Amino acid sequence: MSNDLKQMDQDSIIAALKRVGANQPCPRCGNTEFSVLNGYDNVWITQTIDGNLFPGGPRGPAFSVPSALLACTRCGYLSTHALGALGLLPPDETSR
Ligand SMILES: [Zn+2]
């Protein structure tokens, strides 16, 4: 089974961003075209200031925020959008 982001997922991300009004141009260059990157990001969050995850692994409580990444097609600026905020996480992912 492929782990590639499916077109249906890309369409869902685009539809969710439109639904919440995330339709402003690129903050760096003003371009209005973006690409949904073919994969997800997991932004790691620690709950302590010294909770450095790498190297050596987590020192404190940590969790990740599954996210979609969009890239400006002109300058490559990356924007990160939490899938949970867009209502795109499976039920078991949002109940943690
Ligand atoms: Zn740009």
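None of the values given here were measured: they were computed from a predicted structure. For this chain, numbers begin at 1 and follow the sequence in order. Order of listing sets the numbers, starting from 1, for every ligand and every atom in it. Only this structure's heavy atoms are used, side chains among them; waters, hydrogens and symmetry mates stay out.
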Open item on the list: Listing by chain and number, which protein N, O or S atoms are under 2.8 Å from the Zn ion (ligand 1)?
Closed with: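 Per the 2.8 Å query on the Zn ion (ligand 1), atoms found are Cys26 SG, Cys29 SG, Cys72 SG, Cys75 SG.
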If we ignore hydrogens and angles and just use 3.5 Å, is the side chain of [X] paired with the main-chain N or O of [Y] as donor and acceptor?
X     : Y     : result
Ser12 : Gln10 : no
Arg74 : Cys29 : yes
Arg19 : Leu86 : yes

TODO: Sequence neighbours left out, what passes side-chain contact (heavy atoms from CB on, under 4.5 Å) with Thr73? Give chain and number order.
DONE: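 side-chain contact (heavy atoms from CB on, under 4.5 Å) check on Thr73 returns Asn31, Glu33, Ser35.
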TODO: Any chance you could measure Phe34, atom CZ, to Asn23, atom CG, to the nearest 0.5 Å?
DONE: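 Rounded to the nearest 0.5 Å, the CZ-CG separation comes to 10.0 Å.
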TODO: Could you tell me the separation between the CG atom of Leu69 and the CG atom of Asp41, rounded to the nearest 0.5 Å?
DONE: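 Rounded to the nearest 0.5 Å, the CG-CG separation comes out at 4.5 Å.
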